[in-house]
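Scroll down for the structure; my scribbles are underneath it.
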Amino acid sequence: MRAAVLRSAAELAPGNGGEARQDEVPARRAITLERPKRAEFGDYSTNAALLLAPELGAPPREVAERLGRALSEQLGESLERFEVAGPGFLNLFLSDAWRREALAAALAAGERFGAGGATRPERVLVEFVSANPTGPMHVGHARNAAYGDSLSRMLAFHGHSVDREFYVNDAGSQIVKLGESIRALARGEAVPEDGYKGDYVAGLAERLPGAAEAEPGELGRAAVGAMLEKMRASLEAFGVGEYDHWQFESALHEGDPSPVEHTLSVLAGQGRTYAKDGALWLRTTEFGDDKDRVLVRSNGEHTYFAADTAYHQDKRERGFERQVDVWGADHHGYVARTKAAYQALGGDPDELELLIMQLVHLVRSGQRAQMSKRAGEFVSLDDLVGEIGVDAARWYLLARSHDTTLDIDLDLAREESSENPVYYVQYAHARIASMLDRAGTGRVQEALAAVRDGGFPEEPMHESERALVLALLGFPGEVAEAVARRAPHRIAATSLELAQGFTAFYRDCRVVGSEPAPVESFRIALSVAAMGTIARCLQLLGVSAPQRM
RNA sequence: GCCCCCGUAGCUCAACUGGAUAGAGCACCGGCCUUCUAAGCCGGGGGUUGCUGGUUCGAGUCCAGCCGGGGGCACCA
């Protein structure tokens, strides 16, 4: 449909000689074909005439009229009528026959409906969670995990090749500090002032053999191993079980030359480093950073920033065309320097996406739960899942845009779970499954075959039926939009819309038992498409799609 | 002081990157179960999109300046 609109638009304003009219390119791209919110504005609506009017030197409404006539010719009986509305919108009203054929095409795509829309598939690496192994994961990590996992699923569904990684910060003084804290507890002494507190530290002190005598660095590394096992288990329980690679920071310092040393020589080769005050600096200011950054400290040690830069270089050299890092809110100060470093390495900054997740607040009895890692009073990912379950947790964490701070009302999410949108969507899915069970596998197969072969009913469609078909047809576009914006919350919104669309259809239209047979067949096929698409949305979010509830 | 995010219904948030009468859920009020799942449906009230200017056919969206909330500004990781 979009192609048809663009074709007609091109006929009206045929190029006008290419480069001579550079301004027409953005105008062309801004032409939209939308599903209007209000049914009276048609099945589809386009602003093409408003954008073409200046180019043609004619009033927008007149251009819309001409565009509508061109489309009528092109689409024939598929287009029932068109209307010019408002300042020059063109509203298109399609025939039931067109809608039925479009649904048949969607069903023919099967599992692939909405998939593979990427115009240029890329090798993408998504790095997410990467929680410091010096403590348990909290709800912020839960948001990061749900988001990174869902985004990975969406990118893959869209046609990209996706690898998922977890970066483990297992080097540096924090690990020694963790070891010191554990040893102190094992000896029955107080934890150092700036050490790690919290029950898990005591747990480690009990669990790790010889903790009272061990060397802090050694003990810290052993603790990291234990923490990672816990994280792996927590993430798996949260539905994130498929990291392709766990990258250890320590490994970036090993070998000859180590990846860090290799990266330093790449930067030096590009002429981006210099020595000052006994340290080695990177000229990040050349790429928009506030100040230059230290790579090698005056005591000879590499900074965290040096390792991080080496990690990004390593990913480049492994052949990833795009890197997506999902970071916590506290990391936004590192965006400028990291992008600068990436450019200093010779990379295109657009290939490196640094996505900042805003904070999560948990609300209980109208009060915000405190989350202080130092004091050891925080709600862990495990606690969250234990309280409200994986499905509700993932839904609430994903239903909002990642760049807005988020409140989760635990009382609502748990105690009044029947009011949760996530259950509403799951319920719609279970309802369809149950209904199709009632129809019987044989009848469903027969219905799908009938629709596939174009055996459509003569009867006009019900309004709710039309709305559901259009909502389903919008799914591939919603996926493309959600992927382009890195916005899983749009998939959540889509799933809710589909569930509502189905529920309205189900209310207004008898499915099993409706007559004549072609009507029943079409409605069964429509239900199959609705169930499959809702299930797909939930799968992209990592939320289960139950057969019965 | 500088940088980033946010400010939309009583609450939590959307709004297809500039489109038509700003929408959902929760909360509140009223109605609906011998018929494919009531974890549901129908109806209702509720808004100066923080403020002031600007850009244009059109601004919640873009620009400038304020006000307010959150986060961050190490030769820590």
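We name chains A, B, ... by the order of the sequence lines, and we start the count at 1 in each one.
Between Phe502(A) and Tyr506(A), the distance from one ring center to the other falls under 6.0 angstrom.
Taking only side-chain atoms of Phe41(A), from C-beta outward, the nucleotide of rC57(B), rA20(B), rC3(B) with the closest atom is rA20(B).
Non-hydrogen atoms lying under 4.0 Å from RNA chain B are contributed by Glu481(A), Arg485(A), all within residues 475-485 of chain A. Contacts between residues 489-496 of chain A and RNA chain B, counted as heavy-atom distances below 4.0 Å, involve His489(A), Arg490(A), Leu496(A).
Among the duplex regions that RNA chain B forms, those built from at least three successive Watson-Crick or G-U pairs under 3.5 Å are B:1-7 with B:67-73, B:10-13 with B:23-26, B:28-32 with B:40-44, B:50-54 with B:62-66, ordered by first number.
Residue contacts shown for Asn91(A) include a base, since a base heavy atom lies under 4.0 Å away.
In this structure rU17(B) sits in the syn conformation; its chi angle is within 90° of 0.
We find that Arg35(A) and Glu478(A) are joined by a salt bridge, their nearest charged nitrogen and carboxylate oxygen being less than 4.0 Å apart. Salt-bridge formation is detected for the pair Arg485(A)/Glu481(A): a Lys NZ or Arg NE/NH1/NH2 atom is positioned less than 4.0 Å from an Asp or Glu carboxylate oxygen. Of the charged side-chain nitrogens involved, at least one lies within less than 4.0 Å of a carboxylate oxygen, so that Glu387(A) and Arg364(A) count as a salt-bridged pair.
Annotation: side-chain hydrogen bond (donor to acceptor under 3.5 Å, both in side chains) contacts of Thr46(A) (sequence neighbours excluded): none. The side chain to side chain contact (heavy atoms under 4.5 Å, CB included) check on Ile356(A) picks up Trp327(A), His332(A), Val335(A), Gln358(A), with sequence neighbours excluded. When the side chain to side chain contact (heavy atoms under 4.5 Å, CB included) test is applied to Pro476(A), the partners found at least two apart in sequence or on another chain are Phe113(A).
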Report each atom pair, protein N/O against N/O of nucleotides 9-12 of chain B, whose distance is under 3.5 angstrom.
{"residue": "rU12(B)", "atom": "O2", "partner": "Arg400(A)", "partner atom": "NH2", "Å": "3.0"}

Polar pairs (N or O, both sides) under 3.5 Å between protein and nucleotides 43-46 of chain B?
none

Collect all protein-nucleotide pairs involving nucleotides 75-77 of chain B in which both atoms are nitrogen or oxygen and the distance is under 3.5 Å.
{"residue": "rC75(B)", "atom": "O2", "partner": "Ser298(A)", "partner atom": "N", "Å": "2.8"}
{"residue": "rC75(B)", "atom": "O2", "partner": "Ser298(A)", "partner atom": "OG", "Å": "3.1"}
{"residue": "rC75(B)", "atom": "N3", "partner": "Ser298(A)", "partner atom": "OG", "Å": "3.4"}
{"residue": "rC75(B)", "atom": "N4", "partner": "Asp277(A)", "partner atom": "O", "Å": "3.3"}
{"residue": "rC76(B)", "atom": "OP2", "partner": "Arg297(A)", "partner atom": "NE", "Å": "2.2"}
{"residue": "rC76(B)", "atom": "OP2", "partner": "Arg297(A)", "partner atom": "NH1", "Å": "3.0"}
{"residue": "rC76(B)", "atom": "O5'", "partner": "Arg297(A)", "partner atom": "NH1", "Å": "3.4"}
{"residue": "rC76(B)", "atom": "O2'", "partner": "Ser173(A)", "partner atom": "OG", "Å": "3.1"}
{"residue": "rC76(B)", "atom": "N4", "partner": "Tyr334(A)", "partner atom": "OH", "Å": "2.8"}
{"residue": "rA77(B)", "atom": "OP1", "partner": "Arg297(A)", "partner atom": "NH1", "Å": "3.1"}
{"residue": "rA77(B)", "atom": "OP1", "partner": "Arg297(A)", "partner atom": "NH2", "Å": "3.3"}
{"residue": "rA77(B)", "atom": "OP2", "partner": "Arg297(A)", "partner atom": "NH1", "Å": "3.3"}
{"residue": "rA77(B)", "atom": "OP2", "partner": "Tyr304(A)", "partner atom": "N", "Å": "3.2"}
{"residue": "rA77(B)", "atom": "O3'", "partner": "Ala171(A)", "partner atom": "O", "Å": "2.4"}
{"residue": "rA77(B)", "atom": "O3'", "partner": "Glu249(A)", "partner atom": "OE1", "Å": "3.4"}
{"residue": "rA77(B)", "atom": "N6", "partner": "Tyr334(A)", "partner atom": "OH", "Å": "2.6"}

Compile the donor-acceptor pairs under 3.5 Å between side chains in residues 438-447 of chain A and protein atoms, sequence neighbours left out, one pair per line.
{"residue": "Arg443(A)", "atom": "NE", "partner": "Glu520(A)", "partner atom": "OE1", "Å": "2.9"}
{"residue": "Arg443(A)", "atom": "NH1", "partner": "Ser521(A)", "partner atom": "OG", "Å": "3.4"}
{"residue": "Arg443(A)", "atom": "NH2", "partner": "Glu520(A)", "partner atom": "OE1", "Å": "2.9"}
{"residue": "Arg443(A)", "atom": "NH2", "partner": "Ser521(A)", "partner atom": "OG", "Å": "2.9"}

Can you give the donor-acceptor pairs under 3.5 Å from side chains of residues 273-283 of chain A to other protein atoms, not counting sequence neighbours?
{"residue": "Tyr274(A)", "atom": "OH", "partner": "Asp292(A)", "partner atom": "OD2", "Å": "2.7"}
{"residue": "Trp281(A)", "atom": "NE1", "partner": "Lys276(A)", "partner atom": "O", "Å": "3.1"}

Which atom pairs, donor and acceptor, lie under 3.5 Å between side-chain atoms of residues 246-254 of chain A and protein residues at least two apart or in another chain?
{"residue": "Gln247(A)", "atom": "OE1", "partner": "His245(A)", "partner atom": "NE2", "Å": "3.0"}
{"residue": "Ser250(A)", "atom": "OG", "partner": "Asp170(A)", "partner atom": "OD1", "Å": "3.3"}
{"residue": "Ser250(A)", "atom": "OG", "partner": "Asp170(A)", "partner atom": "OD2", "Å": "2.5"}

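Between Ser181(A) and the choices Val176(A), Thr134(A), Asp194(A), Val201(A), the side-chain contact (heavy atoms from CB on, under 4.5 Å) rule is met once, by Val201(A).
Contact check, Gln500(A) against rG25(B): a side-chain N or O comes under 4.0 Å of OP1 or OP2. In terms of phosphate contacts, Tyr396(A) brings no side-chain nitrogen or oxygen within less than 4.0 Å of OP1 or OP2 of rC26(B).
A donor-acceptor pair under 3.5 Å links the side-chain atoms of Ser495(A) to the main chain of Ala492(A), judged by distance alone.
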